[in-house]
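It should be emphasised that the depicted structure is a prediction, and the values quoted were computed from it without experimental measurement.
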Amino acid sequence: QVQLVESGGGLLQAGGSLRLSCAASGRTFDTYTMAWFRQGPGKEREFVAALSRSDGSTYYTDNLKGRFTISRDNAKNTVDLQMNSLKPEDTAVYYCAGRNVIMALTTRGGYNYWGQGTQVIVSS
């Protein structure tokens with residue numbers, strides 16, 4: 001099993017930046033891919049970004065690419081999400097996810113480890 005714990009959420013004004021962190025523990029060597037998802041108020045959970053733990057390659061949903069950056073620190077078993085130029089529509093609960101099945105990085109499903117989420121609220 002892998003445990004994922006997110007941190008770094010908060011309340012901020014539009015245009016600001018925030019860095020979320022996901023700490024992984026347990027059988028972390030099982031997780032080939034790590035990702036961030038988000039779920040806004042009244043919306044379905046949506047994919048944000050994914051990262052390969054082996055080579056660090058990344059994949060983003062098109063509308064967030066350029067503002068959001070996913071990164072890793074394998075020594076610390078953390079995966080971060082740097083969010084810049086935040087907008088009110090970025091308000092959501094952000095979830096860290098891990099996948100222990102080898103799939104193409106661009107495959108948005110198949111994640112079997114999830115954190116509890118961290119709330120981000122962007123005011124206008």
Side-chain angles (χ1 to χ4, degrees):
Q1 285 291 333
V2 175
Q3 294 78 42
L4 303 175
V5 178
E6 303 95 335
S7 61
L11 170 65
L12 71 164
Q13 291 187 332
S17 297
L18 202 60
R19 189 176 186 89
L20 306 181
S21 187
C22 173
S25 60
R27 295 174 60 90
T28 57
F29 53 85
D30 276 352
T31 53
Y32 298 106
T33 306
M34 298 294 293
W36 285 93
F37 288 75
R38 69 182 185 181
Q39 186 167 16
K43 299 180 180 179
E44 293 186 353
R45 186 178 296 183
E46 65 173 345
F47 171 85
V48 173
L51 177 144
S52 166
R53 296 188 76 246
S54 60
D55 63 9
S57 55
T58 58
Y59 169 61
Y60 297 89
T61 190
D62 285 344
N63 61 324
L64 296 178
K65 193 173 184 178
R67 291 197 299 123
F68 288 18
T69 303
I70 188 172
S71 61
R72 63 174 177 166
D73 185 331
N74 282 348
K76 295 181 179 179
N77 281 328
T78 58
V79 175
D80 291 353
L81 184 70
Q82 177 67 41
M83 306 184 294
N84 298 326
S85 302
L86 283 162
K87 305 174 183 180
E89 51 263 43
D90 295 317
T91 293
V93 177
Y94 284 74
Y95 297 91
C96 177
R99 185 166 68 194
N100 66 353
V101 179
I102 297 176
M103 295 181 176
L105 189 62
T106 54
T107 300
R108 300 187 176 192
Y111 288 90
N112 48 351
Y113 301 122
W114 293 88
Q116 82 289 347
T118 185
Q119 177 76 60
V120 173
I121 300 174
V122 184
S123 64
S124 58

Distance (rounded to the nearest 0.5 Å) between [X] [atom1] and [Y] [atom2]:
| X | Y | atom1 | atom2 | value |
| --- | --- | --- | --- | --- |
| Asp80 | Glu6 | CG | CD | 12.0 Å |
| Thr31 | Leu51 | OG1 | CG | 10.5 Å |
| Gln3 | Gln1 | CD | CD | 6.5 Å |
| Tyr95 | Arg45 | OH | CZ | 5.0 Å |
| Leu81 | Leu18 | CG | CG | 9.0 Å |

What about Tyr32 and Val79, same hydrophobic cluster or not, with Ile/Leu/Val/Met/Phe/Trp/Tyr joined at side-chain heavy-atom distances under 4.5 Å?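 Tyr32 and Val79: separate clusters.
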Membership question, hydrophobic clusters at under 4.5 Å side-chain separation (ILVMFWY): are Tyr60 and Tyr94 in the same one?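 Per the 4.5 Å side-chain linkage, Tyr94 and Tyr60 are co-clustered.
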Donor-acceptor pair, distance only, cut-off 3.5 Å: does the side chain of [X] make one with the backbone of [Y]?
| X | Y | value |
| --- | --- | --- |
| Gln39 | Val93 | no |
| Asp73 | Lys76 | yes |
| Arg72 | Arg53 | yes |
| Gln13 | Val122 | no |
| Thr91 | Ile121 | no |

Apply side chain to side chain contact (heavy atoms under 4.5 Å, CB included) to Val120 and Met83, showing your working. CA-CA 11 Å; Val120 173; Met83 306 184 294; 4.0 Å; yes
Quick check, are the ring centers of Phe68 and Trp36 under 6.0 angstrom apart?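 No; Trp36 has its ring centre 6.0 Å or more from that of Phe68.
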Please confirm whether the ring centroid of Tyr59 lies under 6.0 Å from the ring centroid of Phe47.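 Judged by ring-centre distance (under 6.0 Å), Tyr59 and Phe47 do meet the cut-off.
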Measure across [X] and [Y] and return the closest heavy-atom pair with its distance rounded to 0.1 Å.
| X | Y | result |
| --- | --- | --- |
| Thr118 | Gly9 | OG1-N, 3.1 Å |
| Leu105 | Thr58 | CD2-C, 3.6 Å |
| Ile70 | Met34 | CD1-O, 4.1 Å |
| Gln82 | Ser17 | NE2-CB, 3.9 Å |
| Phe37 | Arg108 | CZ-O, 3.4 Å |
| Pro88 | Ala14 | CD-CB, 4.0 Å |

Salt-bridged, Arg67 to Asp90, with N to O below 4.0 Å?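 Between Asp90 and Arg67 there is a salt bridge, with a charged N closer than 4.0 Å to a carboxylate O.
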Hydrogens and angles aside, do Asn84 and Arg19 bring a side-chain donor and acceptor to less than 3.5 Å of each other?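 No, no side-chain donor-acceptor pair sits under 3.5 Å.
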Looking only at side chains, do Asn100 and Tyr113 share a donor and an acceptor under 3.5 Å apart?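 Checked: Asn100/Tyr113 side chains pair up, N/O donor to acceptor below 3.5 Å.
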Please say whether the positively charged group of Arg99, taken as NZ for Lys or CZ for Arg, lies over the ring of Tyr111, i.e. under 6.0 angstrom from the six-membered ring centre and within 45 degrees of the axis.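 The answer is yes, since Arg99 meets both limits relative to Tyr111.
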